[in-house]
Protein chains: 2
Amino acid sequence: MDATRLLPLAGEPPAERSDAARNREALLRAASELIDHCSVESVTMDAVAQRAGVGKGTVFRRFESREGLMAALLDHSETTWQASVISGPPPLGPGAPPLERLLAFGHSRMETTLTHAALIRAAGHAGTRAYAVAAFAAMHVRYLLGQLDVHGDLGYLATALLAPLEIPVLEQQLGQERRSLDEVRAGWDDLVRRVVA
Amino acid sequence: MDATRLLPLAGEPPAERSDAARNREALLRAASELIDHCSVESVTMDAVAQRAGVGKGTVFRRFESREGLMAALLDHSETTWQASVISGPPPLGPGAPPLERLLAFGHSRMETTLTHAALIRAAGHAGTRAYAVAAFAAMHVRYLLGQLDVHGDLGYLATALLAPLEIPVLEQQLGQERRSLDEVRAGWDDLVRRVVA
DNA sequence: AATAGAAACGGACTGCAGTCCGTTTGGACC
DNA sequence: GGTCCAAACGGACTGCAGTCCGTTTCTATT
């Protein structure tokens, strides 16, 4: 979890000063450690700043807000997932027939979401719909629907299939509604088949 | 917006002391006025307490949290909507064929949600899935799916149809994705027809 | 190596949610 | 009307997110 920056696509704007880069690293590591040692709730901006040995203002300049910091942590930890969708082994990765890929995608997304549940909640608005992985997921589903020769507003259908995989919905189903993960998975599979039919 | 309590179902627990009831009224009115005169953001617990002429602690004892207060305001203002689904004129109310009712329900829900968008956001977790209206909506959709002779896990399908009508999704579509309300409506209608088919 | 100015830094400060606890009050029972 | 106590009250207090601005540090340029 570190080293070689994965997608340094940003080459145009001012470029980042070396101390700024060092501090960002330190802050992300500090936040990550706080989560490991305690919990997401214990990640206060003051605590992160202190642990990283920088001032509080610095944390806000780097990440805008607590939600922004959480989103940054999420992006980092979900990059591996994204990679396995793009180029991992089938059925999640390329190679399997589109319907199988789509179902595998849903299951995998569900698990990843639940794994990072606390972080996603803490990222609030940024965590639910704004960070990069969400856009990627929509694009991928849209693509698979195209492969399946589905007609209609694929963008909308992709959103509609993704919506029930979001944290508030999943937690409601697994919590209050007392459903098992298997039931939820089966429900989603059924939904997909109806949409694709 | 006041008087005759709508559903005083609660008759078992301790019952409420008269000063407590009076204060709840005053607090809801104060919050409501603050929203009208300024905005949802201006509804701070201190401001509400001061305007209602009570101490801050009282606000929290009544509503638990700021989100709880927002949810209370929501429940109150969405009660009329709920009534029009149960016993209003068709196609939203009873009388129209089930598919028409279902589509009308979605459109109506979409509009109501957008109308109360700021409040729903402010109610956070409580606003998205916990307050009474959400449970009612799920039940109603489930019922209509039954009428339409849909087979399968109707509870799941209801959730799946409701999920894309939630605020974060709608705002993403109308905002970033630059879709019109009509497109979104059409997308949802298509989704419903596929599920029902 | 010296210089300048843009960018980054740090930490005191503000505003708000939520808690705590000593005080007051409604109303049930005598 | 008087007594009692559970429930309600109020506001000082705590902790955290987010802002502001005077100070320090990079780095491009000469």
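Below, read A as the first sequence line, B as the second, and so on, with proteins coming before strands; counting in each chain starts at 1.
- Listed by chain and residue number, B:Arg185 satisfy the salt bridge (Lys or Arg N to Asp or Glu O under 4.0 Å) test with B:Asp182 (two or more places apart in sequence, or in another chain).
- A search for side chain to side chain donor-acceptor pair (under 3.5 Å) contacts involving A:Arg66 returns nothing, not counting sequence neighbours.
- In this structure A:Arg121 satisfies the side chain to side chain donor-acceptor pair (under 3.5 Å) test together with A:Glu171, sequence neighbours excluded.
- Not a single side chain to side chain donor-acceptor pair (under 3.5 Å) links B:Gln173 to another residue, sequence neighbours left out.
- When only modelled atom types and interatomic distance are considered, B:Glu67 and B:Ser65 share no side-chain donor-acceptor pair under 3.5 Å.
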Distances for protein N/O vs nucleotides 26-29 of chain C N/O pairs under 3.5 angstrom?
| residue | atom | partner | partner atom | Å |
| --- | --- | --- | --- | --- |
| C:dG26 | O3' | B:Ser18 | OG | 3.4 |
| C:dG27 | OP1 | B:Ser18 | N | 3.2 |
| C:dG27 | OP1 | B:Ser18 | OG | 3.2 |
| C:dG27 | OP2 | B:Ser18 | OG | 3.4 |

Sequence neighbours left out, cut at 3.5 Å: what donor-acceptor pairs do the side chains of residues 85-94 of chain A make with other protein atoms?
| residue | atom | partner | partner atom | Å |
| --- | --- | --- | --- | --- |
| A:Ser87 | OG | A:Ala83 | O | 3.2 |

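- Atom CZ in B:Arg62 sits about 12 Å away from atom P in D:dA7, given to the nearest Å.
- Annotation: ring pair (Phe, Tyr, Trp, His ring centres under 6.0 Å) contacts involving residues 167-193 of chain B, sequence neighbours excluded, are absent.
- Under the side chain to side chain donor-acceptor pair (under 3.5 Å) criterion, B:Glu33 pairs with B:Arg51, not counting sequence neighbours.
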- Could you encode protein contacts along nucleotides 12-23 of chain D as a string, one character per nucleotide from 5' to 3', using B for base contact, S for sugar-phosphate-only contact and - for no contact, with a heavy-atom cut-off of under 4.0 Å? ----SBBB----
